[in-house]
Amino acid sequence: MPKVLGTPPSPRFAHSAVLLEGGRILIYGGRATTAKGDIWFLEVNTPFVRIQSKLLNMDVVAWSKGVTGNAPQPVVICGPSGVGKGTLIGKLMKDFPDKFGFSVSHTTRSPREKEQDGVHYHFTTRHIMEKEIMERKFLESADVHGNLYGTSWAAVDAVTDSGKTCILDIDVQGAQSVKKSSLDAVFVFIKPPYPEEEQLEKRLRGRGTESEEQIQKRLRNAKAELERAKDATLFDHILVNAKLDEAYESLKVCCHVYVSCNYDAAANEFVQEARSGHSASLIGSKVLICGGITASASSIALGDIAILDLSNISGGAPGTTRGLNWVLTNSKSNGIGNYCTQHPPGSLSQNHKLVSPSSSERLVAGDLSSTRAANGFTR
Ligand SMILES: Nc1ncnc2c1ncn2[C@@H]1O[C@H](COP(=O)(O)OP(=O)(O)OP(=O)(O)O)[C@@H](O)[C@H]1O
Ligand SMILES: Nc1nc2c(ncn2[C@@H]2O[C@H](COP(=O)(O)O)[C@@H](O)[C@H]2O)c(=O)[nH]1
């Protein structure tokens, strides 16, 4: 049996599986509990899975959830102790609670006053955490300032599942591990202003949460972190946290606060009303889903087809595979021009409104007709 990484989907019914190029299997189908459907990817031979397999010396597979549209990339925030990562992230969470979710790490250090278990960290013991690392519950983990810290797969999945941008506050070693995963994140390093050490010391002492010994250890480690951050291949953005408000404005830009995403968590939830009795087949970079009955349909929707375009997918395990795009049609209406994009197949009901194709969408209609031909589709 291979080691299974990531959060697996709940039990399915009426699902189908399609083998894709690039070492993934797409699973489309219904959730047994809600009759809603969704899309998952089981990675069996992706670069990430191959690396994990080598590390573990055993077969590995990994799950990720498929989401339509341009879902936001997770953001990894690094920087030496005392630079202000937590302060900046706290502001972001307070100002945009619906947009950002914090990946709650595990740590073996003791909680500080006001820190809550499950909110700031999952506080645990070294013994338990080492066992869980062996069980591959963590996307990454590292020894930082004498304690173990780690990001569990579940922590990232919990945020990405809710449709929010996942924010990770981790050290540079952790960032290097995440870089090797398929998380496809944005990497931000926060630096102190000059003189760097002096500023960090002032801030750490001002925070008043560490012992003198801890402060010295964190300042020693800060030097190494600042050195590692010079690795030009790791970080996409480097910010200096001199004035808090200015640094915060820059961080908002890095976290795509001003970029509108067409990702809609509600639409993804509603997506795929399960269609029992459908068939799914791969044609180029598109998956054709044909036929089936939805729970809400009053009649059998024979001949309905939905096409899932995978040509722009990115990301992967752990978390989400983004960029899926639905291209729909309904054989019972006027045929080839009658389809809309970005709508779930569950909406293929008699009441479903079909939009007129724009000129760019007409290109998709061309694809559609050849797809139909390839499947012997006739009206
Ligand atoms: N721009 C700034 N100017 C002055 N003080 C700041 C600034 N940003 C944050 N601080 C203060 O510096 C201290 C350390 O900040 P914070 O706890 O956010 O650091 P951190 O990078 O999360 O540290 P650690 O990695 O140790 O958790 C806090 O007391 C905070 O109020
Ligand atoms: N590699 C990881 N580093 C982590 C994680 N969570 C936090 N951290 C880093 O640890 C230090 C110290 O944090 P503190 O809360 O004790 O001050 C800091 O640099 C964090 O970024 C993690 O899951 N993985």
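Order of listing sets the numbers, starting from 1, for every ligand and every atom in it. All values derive from a computational prediction rather than experimental measurement.
- Which of D171, V144, V104 comes nearest to atom 1 (N) of ligand 2 through a heavy atom is settled by distance: it is D171.
- Within the set Q199, H145, R203, K85, the minimum heavy-atom distance to atom 5 (N) of ligand 1 is found for R203.
- The N/O atoms of G206, backbone and side chain alike, include none that comes under 3.5 Å of an N/O atom in ligand 1.
- V104 and M129 are members of different hydrophobic clusters when ILVMFWY side chains are connected at heavy-atom separations under 4.5 Å.
- Heavy atoms of P80 come nearer than 4.0 angstrom to ligand 1 in at least one pair.
- The N/O atoms of H106, backbone and side chain alike, include none that comes under 3.5 Å of an N/O atom in ligand 2.
- Considering backbone and side-chain N/O atoms, R109 comes within less than 3.5 Å of an N/O atom of ligand 2.
- With hydrogens left out, the protein atom closest to atom 24 (N) of ligand 2 is E140 OE2, 2.7 Å, a heavy atom.
- For ligand 2, the atoms closer than 4.0 angstrom to any heavy atom of S105 are 5 (C), 6 (N), 22 (C), 23 (O).
- V172 has its side chain out of reach of D231: every pair of non-hydrogen atoms, C-beta onward, lies at least 4.5 Å apart.
- At least one heavy atom of R112 sits closer than 4.0 Å to an atom of ligand 2.
- Between D171 and Q173, some side-chain heavy-atom pair lies under the 4.5 Å cut-off.
- On a distance-only criterion, A242 and ligand 1 share at least one N/O pair closer than 3.5 Å.
- Of all protein heavy atoms, the one lying nearest to atom 26 (O) of ligand 1 is S81 OG, 2.6 Å.
- L20 places a side-chain heavy atom less than 4.5 Å from the side chain of L282.
- Two residues are said to be in side-chain contact when any heavy atoms from C-beta on lie closer than 4.5 Å; L234 and F189 fail this criterion.
- Regarding atom 14 (C) of ligand 1, its nearest protein heavy-atom neighbour is G82 O, 3.6 Å.
- Considering only non-hydrogen protein atoms, atom 22 (O) of ligand 1 sits nearest to G86 N, 2.8 Å.
- Remark: R205 engages E212 in a salt bridge, criterion side-chain N to carboxylate O under 4.0 Å.
- The N/O atoms of A142, backbone and side chain alike, include none that comes under 3.5 Å of an N/O atom in ligand 2.
- The protein heavy atom nearest to atom 15 (O) of ligand 2 is Y121 OH, 2.5 Å.
- Between K217 and E213 no salt bridge is recorded (no basic side-chain N to carboxylate O distance below 4.0 Å).
- E227 approaches K230 most closely through the heavy-atom pair OE2-NZ, 2.8 Å.
- Contact annotation: K202 has no heavy atom less than 4.0 Å from any atom of ligand 1.
- With R24 as the fixed residue, the side-chain contact (heavy atoms from CB on, under 4.5 Å) test singles out one of L42, T321, V44: T321.
- Salt bridge annotation for K252-D95: absent, with no cationic side-chain nitrogen under 4.0 angstrom from a carboxylate oxygen.
- Donor-acceptor pairing under 3.5 Å is recorded for the side chains of Q52 and R136.
- Remark: minimum distance from atom 20 (C) of ligand 2 to any protein heavy atom is reached at D169 OD1, 3.5 Å.
- Close approach of ligand 2 to G174 (heavy-atom distance below 4.0 Å) involves ligand atoms 1 (N).
- At a 4.0 Å cut-off, at least one heavy atom of R218 sits close enough to ligand 2 to count as contact.
- Residue contact check for ligand 2: G150 places a non-hydrogen atom closer than 4.0 Å to it.
- Residue L204 has no N or O atom closer than 3.5 Å to an N or O atom of ligand 1.
- Using a cut-off of 4.0 Å between Lys/Arg side-chain N and Asp/Glu carboxylate O, R112 and E210 are scored as salt-bridged.
- Heavy-atom proximity to L244, at under 4.0 Å, picks out these atoms of ligand 1: 1 (N), 8 (N).
- For the side-chain hydrogen bond (donor to acceptor under 3.5 Å, both in side chains) with S81, the qualifying choice from R218, E225, R203 is R218, the only one to do so.
- Remark: minimum distance from atom 27 (O) of ligand 1 to any protein heavy atom is reached at R207 NH1, 3.3 Å.
- What you find for I170 and C78 is that their closest heavy atoms are O-SG, 3.3 Å.
- Both F96 and L244 belong to a single network of hydrophobic side chains, linked directly or stepwise wherever heavy atoms of I, L, V, M, F, W or Y lie under 4.5 Å apart.
- Protein heavy atom in closest approach to atom 19 (O) of ligand 1: G84 N, 3.1 Å.
- In this comparison of N241, L200, T87, D245, the heavy atom closest to atom 8 (N) of ligand 1 sits on N241.
- Using a 4.0 angstrom heavy-atom cutoff, K85 counts as in contact with ligand 2.
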